[in-house]
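The basis for the numbers below is simple: all heavy atoms, side chains too, and nothing from hydrogens, waters or symmetry mates.
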Amino acid sequence: MSRSVRMSKSGKADRAPLPRRFTRFWLATAVSGFGDGLRLTALPLLAAYSSGGDPAAVAYVTAAGSLPWLLFGLGAGLVVDRTDRRRLMWAVDSVRALFTAGFAAMVFLGAQHVALLCALAFAVGTGHTLFSSASAAYLPSVVGPDGLDRANGRLMSVQVLTMQLVGPAAAGFLFAVAHGLPFALDGVSFAASAVLILAMGAATGSATGSAAGPASQGTGRPRVSGGEVLAGLRWTFGHPAIRAQSTILLIINVLSGMVLAVFVVYATGPLGLGSRGYGMLMALLAVGAMVGALAAPMLRARLSDRATLMMSALLVGGVLILLGAVAAVWAAAVSVLLFGLASMLWNVVTVSIRQRVVPDAVLGRASAAVRMLSAGAVPLGALIAAVAVGPVGLRPLFVIAGCVVLAATVLLARDLGRPLPQRPTGDAEAAGAASPDRLEESSGRP
């Protein structure tokens with residue numbers, strides 16, 4: 001591997017403090033995550049209230065929020081790679097602040113038709129495709145390669161805290177006070193995030209996120225080809241190690257969507273838990289994810305990438321088997337806690353790896369490609385569960401899911417250990433950014 005990655009694994013580089021600019025980035029993530037938690041909880045509540053409890057209305061609103069990743073994910077990555085990423089994040093959050101504030105005003109005035117809710121979910125989700133891809137691609141220029149593990153761990157842990165714990169808890173209370181209040185505060189959170197990102201100042205590292213991509217000679221206007229749009233997918237599946245990571249992630253996401261889609265039935269049925277017990281299990285899932293995000297840098301400083309990823313994937317498969325094999329509350333609690341920990345550990349390590357090795361000129365597209373595939377994997381898993389749960393049963397479904405994860409991990413273990421490519425710089429990056437096969441593989445340990 002490159003020298004910077006080896007330093008990170010030794011733990012020496014990780015002792016250096018993260019730059020002050022990252023603190024603003026972290027605060028922007030925390031504030032925006034809190035607003036997301038408010039909105040994502042309040043939107044289904046408002047949909048149910050506005051439609052008289054129609055489940056189809058809630059499903060429409062939920063689907064509208066997820067659809068932009070499938071429609072615009074790859075295109076968003078190309079936009080990210082051709083614009084200044086910090087300015088793009090600032091602009092997106094500024095627009096989302098205005099849009100959400102206007103929606104809140106309409107709700108206060110009594111206009112809350114389901115079509116309007118779908119429009120908000122779709123518009124904010126479209127902005128999220130740009131913001132999330134830009135954020136992942138911009139982070140290396142903020143903290144440098146040796147700070148990525150800690151930075152990603154801190155960002156993902158605060159996202160879990162605000163989006164899955166604090167935000168949803170506050171949304172229920174605020175919605176009871178006034179239906180438009182969660183959305184008004186969501187608009188404020190977007191505005192605060194935009195101000196914090198603007199206050200970060202321009203990047204000083206080599207990865208500024210302002211690569212414009214190839215331009216047509218003489219016109220100054222960049223050409224857009226199908227190959228450029230698909231460059232992120234080529235990077236996701238073009239190198240054995242990155243391909244193995246992405247494949248296992250897709251499998252885990254499909255099976256996670258399958259399990260989570262029917263987990264409420266399992267918790268309130270065979271386990272005999274009520275809504276409060278189910279809520280506590282979901283809280284344990286979030287707590288496990290926070291622990292995994294914070295523990296990832298420490299584990300990666302002591303273990304190889306392959307060992308860390310193998311451990312997290314095998315743990316995911318094992319706890320799914322435990323969940324199905326033992327019909328007890330303690331087994332469910334242990335399973336969801338460890339599932340959250342292992343899944344987030346996998347996310348932190350693989351995101352950091354991509355940010356280290358994928359060329360800056362194509363990093364936005366690679367990040368967007370993974371997010372797009374992940375977004376499609378979860379609903380696919382839910383559809384599989386809807387078809388399979390009847391003939392298979394709940395607990396056997398969990399066991400099968402665990403066995404599939406274990407089998408995929410074992411089959412792809414060799415590729416997980418392949419040496420990673422070295423990230424090119426300067427002219428070399430511009431020449432071969434979209435082609436992982438052109439990059440030299442490192443010779444260090446995986």
Side-chain angles (χ1 to χ4, degrees), residues 2-37 80 83-94 96-97 128 130-163 166-167 188-211 290-298 300-301 344 347-349 351-356 358 360 363-364 367 423 425:
S2 65
R3 179 174 178 270
S4 61
V5 176
R6 289 199 301 268
M7 288 174 62
S8 175
K9 284 186 177 181
S10 70
K12 296 179 181 179
D14 279 351
R15 284 195 287 266
L18 293 173
R20 184 175 299 178
R21 295 177 68 242
F22 173 75
T23 301
R24 297 189 178 99
F25 201 12
W26 182 88
L27 287 173
T29 301
V31 170
S32 183
F34 175 70
D36 289 341
V80 166
T83 57
D84 184 294
R85 290 159 184 167
R86 183 181 66 91
R87 292 182 180 179
L88 178 63
M89 290 188 288
W90 171 82
V92 167
D93 265 5
S94 298
R96 291 198 290 181
H128 185 62
L130 290 167
F131 187 94
S132 179
S133 301
S135 175
Y138 187 64
L139 184 62
S141 68
V142 177
V143 300
D146 295 326
L148 286 172
D149 293 299
R150 283 187 301 147
N152 280 313
R154 294 183 184 183
L155 290 174
M156 292 184 190
S157 63
V158 79
Q159 285 177 327
V160 172
L161 176 65
T162 54
M163 289 182 62
V166 180
V188 172
S189 77
F190 281 133
S193 174
V195 170
L196 287 166
I197 291 168
L198 189 63
M200 289 175 61
T204 56
S206 61
T208 62
S210 59
M290 288 181 59
V291 173
L294 295 174
M298 294 181 288
R300 193 175 179 277
M344 187 57 71
N347 288 340
V348 172
V349 173
V351 168
S352 298
I353 288 173
R354 284 197 302 274
Q355 290 168 333
R356 282 191 180 92
V358 177
D360 181 68
L363 183 54
S367 300
R423 188 183 197 184
T425 57

If you compare all heavy atoms of [X] against all heavy atoms of [Y], which two are closest, and at what distance to 0.1 Å?
X	Y	answer
Pro19	Val142	CG-O, 3.0 Å
Met344	Val160	CE-CG2, 3.6 Å
Ala30	Val158	CB-CG2, 3.5 Å
Val80	Ser133	CG2-CB, 3.8 Å
Leu198	Arg86	O-NH1, 3.2 Å
Leu363	Arg354	CD1-O, 3.8 Å

Problem set entry | Electrostatic pair Arg85:Asp360 at N-O distance under 4.0 angstrom |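 A salt bridge links Arg85 with Asp360.
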
Measuring from [X]:[atom1] to [Y]:[atom2], what's the distance to the nearest 0.5 Å?
X	Y	atom1	atom2	result
Phe25	Met89	CZ	CE	4.5 Å
Arg356	Asp146	CZ	CG	7.0 Å
Phe22	Arg150	CZ	CZ	9.0 Å
Asn152	Ser157	CG	OG	10.5 Å
Leu196	Leu27	CG	CG	6.0 Å
Ser141	Met200	OG	CE	7.0 Å

Exercise. Okay, side chain of Gln355, backbone of Ala136: is any donor-acceptor separation there less than 3.5 Å?
Worked result: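 Judged by distance alone, yes, a pair lies under 3.5 Å.
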
Exercise. Any donor and acceptor pair, going by atom type alone, linking the side chain of Ser193 with main-chain N or O of Ser189 inside 3.5 Å?
Worked result: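 No; judged by distance alone, with no hydrogens or angles, the pair does not exist.
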
Beyond-backbone contact of [X] with [Y], side-chain heavy atoms, under 4.5 angstrom:
X	Y	answer
Arg96	Asp93	yes
Phe190	Asp36	yes
Leu139	Ser135	no
Ile197	Phe131	yes

